[in-house]
Amino acid sequence: MSTKHRMPSDEELTAFIDGELGAEEAARIETMVEADEAVAERLEFLARASLAYKEAFAPLLDAAPRAKLEAMLSAIPAAQPARPAAFVSRRGFLGALAASVVAGIAVDRAMIGVGTSFSRKDENSEWRAVVAEYISLYTPETLAGPVPPRDVQAAQLASLDGNLGLQLSPEQVALPDIDFKRAQILQYDGKPLAQIAYLDPETGPMALCIVTSDGGPKAPDVEGRKGMNVVYWANATHAFMLIGHAPVDRMTEIADAVRSKISV
Amino acid sequence: MIEGYFRMLVAHTTFPAYSHARTESPALPAVPKQPIRAEAAIASEADIRSGLTENLARLWRYGLVLSHQRDVADDLVQATCVRALERADQFAAGTRLDRWLFSILHSIWLNEIRARRVRQGQGFVDADETLILDGARDTETHVMANQVLKQVNTLPDAQRSAVFLAYVEGLSYREVASVMDVPIGTVMSRLAAARAKLSETVSAGGFE
């Protein structure tokens, strides 16, 4: 082929298609495409591979085990020195992932399941520490986006029923003047943990978290964790915690509203 | 019910909290003895942490594209998180955090995980098995999407990564080169080779 020596390389044509050439280079290629049928054909051929890549790979984002990854991330201890004693002794959670940790990363501090502690009175606070750690990573941006419509809320809540044996309607978990954002099941050493996330326009992220519990009913109590306030209580089958940045009075008020709607 | 009242100083916020004295003794704020540099490192670690949270799914997807295995993708993300937090002080403020995280994940894959698996003699599962979308074979869109996935996954590793980073994640050639730690010319030749191969398939009616 006589035009062979003037043929731009596939690299050049690819860069041209991808808009990676400078103006001068691009103009040179354009001229060649116009002047030479063979160049135009090769360009057209390579452009056939301009497929819907983004769309094709989008479902893989949904396939990512977000809750598991988020929990894993929050289980990685902060590198900062001089942590308060309460946290040094706190046993982390989600050791499951540590089994496959690569390259000698010591996550043993974050190991040892929390699962066994759910049923033991003295350690009932463990899961709340873990949730607090997790929620403390949330910012208003984490929960940005529109409030899901009622049917979506209902569908999300239905997943809690299957996992926790807890039937909740959007109305039951609606909080006064605070937006429902999502309900999801997190997993904790094989035990389901329901998290209903809200965004309070005034104070930011808030969450109602629920685990199964056989520790018996417990009246509401209040505590501070990770700079947030927590109201926690239990009925015969489940333990609840409401965590957020709102002042204690408001948190207690909200928790009371929730308790009156979720049969205790 | 409410047994105690403490005013706790946590971080930079003063907030009132009722506390159950038995289960939670308020952490008395230690007099900050750390040098100022440590404070800066802590702040940047928090930034990295929140950046990681935002990018977990994208990192996992890249891990899956590289390894074809969900559990390996999990491992890769975890190792990336640990490494990024350890090296928080190495992140150049003002640059794109997601690109930096991709680089870390890529390097862990290349230098540690892939090497380890090769040493252990574990074969990789067929790409078709893991990357094809389950239960998504009904609509035309999904058929097409699966075709694209399948074809990209038949590409050699290096080409596949380049295609993913450039065409799925939208990185510039320069950014792809930086993530893959290769010269920009190498990125160009990988993409060109990938295009030639994919175009061949399209032309041969491989996307029916």
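Given the structure is predicted, the values throughout are model-derived calculations rather than measurements. Numbered from 1 within each chain, the chains take letters A, B, ... in sequence-line order. Values below: every heavy atom of this structure, side chains too, minus hydrogens, waters and symmetry copies.
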| task | Test Y138(A) against T53(B) for side chain to side chain contact (heavy atoms under 4.5 Å, CB included), laying out the working first. | result | CA-CA 9 Å; Y138(A) 281 28; T53(B) 306; 5.9 Å; no
Heavy atoms of D10(A) and A196(B) approach each other most closely as OD2-CB, 4.2 Å
Is the shortest heavy-atom distance from the side chain of V187(B) to the side chain of E20(A) under 4.5 Å?
no
If one checks every heavy atom of E54(B) against chain A at 4.5 Å, the contacting part turns out to be neither
| query | Hey, are the side chains of E70(A) and L56(B) touching, using non-hydrogen atoms and a 4.5 Å cut-off? | reply | yes
Residues C81(B) and I76(A): closest non-hydrogen pair is CB-CD1, 3.5 Å
In this structure, CZ of R42(A) is separated from OG of S199(B) (nearest 0.5 Å) by 7.5 Å
With chain B, the option among L137(A), T139(A), I17(A), L13(A) that has the most non-hydrogen atom pairs under 4.5 Å is I17(A)
Honestly, the part of S50(A) sitting under 4.5 Å from a heavy atom of chain B is both
Side-chain heavy atoms of F45(A) within contact of R195(B), under 4.5 Å: no
Output for pair (R70(B) CZ, L60(A) CG), nearest 0.5 Å, gives 8.0 Å
Given side chains that start at C-beta, do those of V152(B) and L51(A) come closer than 4.5 Å, heavy atoms only? no
Here the gap from L69(A) atom CG to L59(B) atom CG, rounded to the nearest 0.5 Å, amounts to 9.0 Å
For E11(A) and S189(B) the tightest heavy-atom approach is OE2-CB, 3.2 Å
Interatomic distance, OH@Y53(A) vs CD@Q151(B), rounded to 0.5 Å, equals 9.5 Å
R49(B) side chain to L73(A) backbone, donor-acceptor under 3.5 Å: yes
By ring-ring contact (aromatic ring centres under 6.0 Å, His included), Y173(B) pairs with (sequence neighbours left out) none
Shortest non-hydrogen pair, G170(B) vs K54(A), comes out as CA-NZ, 4.4 Å
